[in-house]
Amino acid sequence: MHLRLLSALPLLLAAPLAHASSPDAWEEFRADVEKSCLASLPEALGTPNVFVEPTGTQSFGLAAIEGLSPESKSQITYLCIYDKEKKTVEVSPPIAAEFLHVVRESEREAAAVEKAKTGDNKTVDEAGQE
């Protein structure tokens, strides 16, 4: 069975949101998650894209980092869990693109428009997989 990230990262873990004191605090949190996750990758990805869930869960920050693996010469994604209290991270093993697709906001919006036009509740990715 293929793993797919069909929506934004908040769906990975459903938990109450932690409360930051200001938008600046959340921006600092997201920057720290991104920096910590990138620094913990086992390899430097070519042109990495980092998707940080804006607030994470009550205890954890969440990020997906995708990019070109210089080792395998293929597109891969790492999932990163950031412990808010300890400020440490754990990174998943690399996940090949055929098993995980990070849906960008523009893709999500396009799917919503298509669904509204057709009434079709199915989602199909670029490879034609549901």
Side-chain angles (χ1 to χ4, degrees):
M1 177 176 192
H2 295 297
L3 295 175
R4 293 189 36 199
L5 188 58
L6 296 176
S7 191
L9 283 173
L11 297 179
L12 284 177
L13 298 173
L17 297 177
H19 298 285
S21 57
S22 69
D24 288 342
W26 282 122
E27 189 59 40
E28 185 178 323
F29 162 74
R30 288 187 287 276
D32 194 34
V33 170
E34 181 173 337
K35 178 182 171 187
S36 298
C37 288
L38 282 171
S40 296
L41 292 180
E43 63 181 322
L45 299 179
T47 321
N49 291 308
V50 182
F51 305 92
V52 177
E53 201 288 320
T55 58
T57 69
Q58 187 169 357
S59 301
F60 301 100
L62 308 166
I65 304 111
E66 68 176 9
L68 185 63
S69 169
E71 185 177 307
S72 67
K73 305 284 191 250
S74 62
Q75 191 77 8
I76 59 171
T77 300
Y78 288 97
L79 299 179
C80 179
I81 309 296
Y82 174 92
D83 187 307
K84 289 180 176 180
E85 185 177 313
K86 297 176 186 173
K87 298 197 182 296
T88 58
V89 298
E90 288 191 39
V91 177
S92 74
I95 303 168
E98 65 263 21
F99 298 112
L100 180 72
H101 176 71
V102 178
V103 178
R104 290 165 177 75
E105 188 65 22
S106 60
E107 292 173 306
R108 189 187 66 72
E109 290 171 0
V113 168
E114 186 64 25
K115 178 182 171 188
K117 284 196 287 189
T118 65
D120 185 0
N121 198 20
K122 292 181 182 178
T123 58
V124 179
D125 66 15
E126 293 170 2
Q129 298 175 347
E130 290 186 41

Is there a donor-acceptor contact under 3.5 Å linking the side chains of T57 and S59? no
Decide yes or no for [X] and [Y]: does some side-chain heavy atom of the first lie under 4.5 Å from some side-chain heavy atom of the second?
{"X": "S36", "Y": "K87", "value": "no"}
{"X": "D83", "Y": "V89", "value": "no"}
{"X": "P94", "Y": "T77", "value": "no"}
{"X": "Y82", "Y": "D32", "value": "yes"}
{"X": "I65", "Y": "L41", "value": "yes"}
{"X": "R30", "Y": "P54", "value": "yes"}
{"X": "Y78", "Y": "L45", "value": "yes"}

Heavy-atom closest pair, residues K84 and G56: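 Distance-wise, the nearest heavy atoms are NZ-C, 4.3 Å.
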So, for V33 and G61, which heavy atoms are closest and what is the spacing to 0.1 Å? CG2-CA, 4.4 Å
Enter the distance from [X]:[atom1] to [Y]:[atom2] here, rounded to the nearest 0.5 Å.
{"X": "S74", "Y": "E98", "atom1": "OG", "atom2": "CD", "answer": "7.5 Å"}
{"X": "L62", "Y": "E53", "atom1": "CG", "atom2": "CD", "answer": "6.0 Å"}
{"X": "L79", "Y": "E66", "atom1": "CG", "atom2": "CD", "answer": "11.0 Å"}

Same apolar cluster (I L V M F W Y, side chains within < 4.5 Å links), L100/L68: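 As far as the 4.5 Å side-chain criterion goes, L68 and L100 are not connected within one cluster.
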E85 atom CD: more than 12 heavy-atom contacts under 6.0 Å: no
Could you tell me whether E90 atom CD has more than 12 heavy atoms of other residues or ligands within 6.0 Å of it? no
With side-chain contact (heavy atoms from CB on, under 4.5 Å) as the criterion, how do D24 and W26 come out once you've worked through the C-alpha distance, each side chain's angles and the decisive distance to 0.1 Å? CA-CA 5 Å; D24 288 342; W26 282 122; over 6 Å; no
Mind running side-chain contact (heavy atoms from CB on, under 4.5 Å) on I95 and I76 for me, showing each step along the way? CA-CA 5 Å; I95 303 168; I76 59 171; over 6 Å; no
